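In what follows, a single structure is set out as structure tokens and then discussed.
Just so we're on the same page: letters track the sequence lines, and every chain starts at 1. If you're wondering where the values come from, they're calculated on a predicted model, not measured in any experiment. When reading the values below, keep in mind they use all heavy atoms of this one structure, side chains included, and skip hydrogens, waters and symmetry mates.
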Number of protein chains: 2
Amino acid sequence: MKADAATSSRGAGVRRDQRDATRARLLEGAVSVLIEHGVAGTTTLAVQERCDVGRGTLLHHFPTHADMLSSTVTELAHRNEAFVEAEADRLSSVTDPLERAIRVMANVASQPSYLAELELWAVSRTDERLRAALRTSEHGARRDHDRVLADLFGDIADQPGGTTVINLSIEFSRGLALSGILRRDPGKRERLLCEWVAAAKVLVTSTLKQGAEQC
Amino acid sequence: MKADAATSSRGAGVRRDQRDATRARLLEGAVSVLIEHGVAGTTTLAVQERCDVGRGTLLHHFPTHADMLSSTVTELAHRNEAFVEAEADRLSSVTDPLERAIRVMANVASQPSYLAELELWAVSRTDERLRAALRTSEHGARRDHDRVLADLFGDIADQPGGTTVINLSIEFSRGLALSGILRRDPGKRERLLCEWVAAAKVLVTSTLKQGAEQC
DNA sequence: ATATTCACAGTCAGAATTGACTGTCAACCA
DNA sequence: TGGTTGACAGTCAATTCTGACTGTGAATAT
């Protein structure tokens, strides 16, 4: 085991700081490129140019293109989680807690950064490596993910059909977001959203336990 | 205007037949490659080799890669529509009409060919040309699409919350399908599906009109 | 003080893909 | 029957991307 740089009294870990700073910059750039240009456009060259670093720099931090994408995936997931809280603040004016939670989820899912994540999911269907990376990323962030969700929905989860409504809302939000890419009429999104909010309200008060137990 | 080949007495339109046959073969191959290898793997070269045609042949029918993909998109959409009816037949044992319709939708959406379509949607986010092609394709098949949906859900659409449930089911199916790509536990899919079926049953009998009208 | 390690830069060859181009043969028309 | 058209094949240059390789300077260890 080598002596830790932190043991030096002065200028400790300058190299490491540099390294981390560059790496962070590369990830930041990679995420931006991914959001703007999609998976196909997220080449090592594009990221290298975006970050204005030499070819060796990028390859030093991410030996292969797959490595770069893997790390980018994780970074993107973090970013999207942060969006949830930000959007929750932005929609603080919505009084009904259930409607607020659903609208926050739907809005976050419709953001470019989340759509980029969905794109990765879709593409990973025929890309073993990427799928593995996404699974690892999701698995690692599971705790945070659950916490964010719990914060968002609050005591709704404790009501009879609460958990069901939350789970259904997740899938619904993803579908809504994906469909939104092609949608010409933005009004339909709002209509669907309203309908789901109304449905969700019915569901949390209704006892649909017997239905779910029929499986 | 040129004389129609059909006016010739014998061997009429052999060239045209040949042309159509080759084109059909190319589309068939392109769809297969797209389903198997995803958008990134659907190169002109891959399709050319799959169909065992010369380079000139493919470029003759589809001058550019974008042209090929555009046509493939339409073909894929047709194929997916056909799947709906096939799956409806396969699930004829499911007695409850609402549950049957929902399960058919969800199953179709989870098929590789439909996932390929969703992948195209996702990718089209940052690809103007592809998005336009998808919109055109969807627009052209709208009539058929509505008819298939009407056949599937039957008289459910006439009930109070019927249309709403159908629309929500569509988005839910897409979300479920996309999530399924990464899901390790296949049991969760079935659970979510059951929960949505149960919820849908509640919704069609419940009057959630006032909720939807609050928008 | 010197050797070494490491972050970073630049160059380059190889692989993959695209689309332009030329050639060929069979079918159609005059 | 002879010319023309169109389906199809093969070749090739240009482009793009990847990753291997070599070089450099600053920070750290001895």
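With rounding to whole Å, E49(B) atom CD is found 14 Å from dT18(C) atom C1'. Between H37(B) atom NE2 and dA16(C) atom P the separation is 14 Å, expressed in whole Å. In this structure, R19(B) places its CZ atom 10 Å from P of dG6(D), rounding to the nearest Å. Note: CZ (R23(B)) to C1' (dC8(D)) measures 15 Å, nearest angstrom. Atom-to-atom, CG of L58(B) to C1' of dG10(D) comes out at 14 Å; the value is rounded to the nearest Å.
For DNA chain C, the neighbouring residues in residues 62-74 of chain B, judged by any heavy atom under 4.0 Å, are T64(B), H65(B).
With dC8(D), dT18(D), dT18(C) as the candidates, the nucleotide lying closest to the side chain of H61(B) is dC8(D). Set against dC17(D), dA7(D), dA7(C), the side chain of H60(B) has dA7(D) as its closest nucleotide. For L59(A), whose side chain is taken as the heavy atoms from C-beta onward, the closest listed nucleotide among dC8(D), dC8(C), dG19(D) is dG19(D).
Counting heavy-atom neighbours within 6.0 Å of D52(A) CG, excluding the residue itself, gives a total of 12 or less. Remark: H145(B) NE2 is loosely packed, at most 12 non-hydrogen atoms of other residues, nucleotides or ligands lying under 6.0 Å away.
Judged by distance alone, with hydrogens and angles left aside, the side-chain atoms of R135(B) form a donor-acceptor pair with the main-chain N or O of L182(A) at under 3.5 Å. Without hydrogens or angle criteria, E99(B) side chain to V94(B) main chain gives no donor-acceptor distance under 3.5 Å. Between the side chain of S110(B) and the main chain of N107(B), no donor-acceptor pair closer than 3.5 Å is present. No donor-acceptor pair under 3.5 Å is formed between the side chain of R131(A) and the backbone N or O of T126(A). Proximity of a side-chain donor or acceptor of S169(A) to a complementary backbone N or O of V165(A) within less than 3.5 Å is detected. Although no hydrogens or angles enter the test, the distance criterion places a donor-acceptor pair under 3.5 Å between the side chain of R100(B) and the main chain of A88(B).
Between E87(A) and R90(A) a salt bridge is recorded (basic side-chain N to carboxylate O distance below 4.0 Å).
A close approach under 4.0 Å does not occur between any side-chain nitrogen or oxygen of T43(B) and OP1 or OP2 of dA16(C). Put simply, T44(A) has no side-chain N or O that comes within less than 4.0 Å of OP1 or OP2 on dC17(D).
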Distances under 3.5 Å only, N/O to N/O: pair up the protein atoms with those of nucleotides 11-13 of chain D.
none

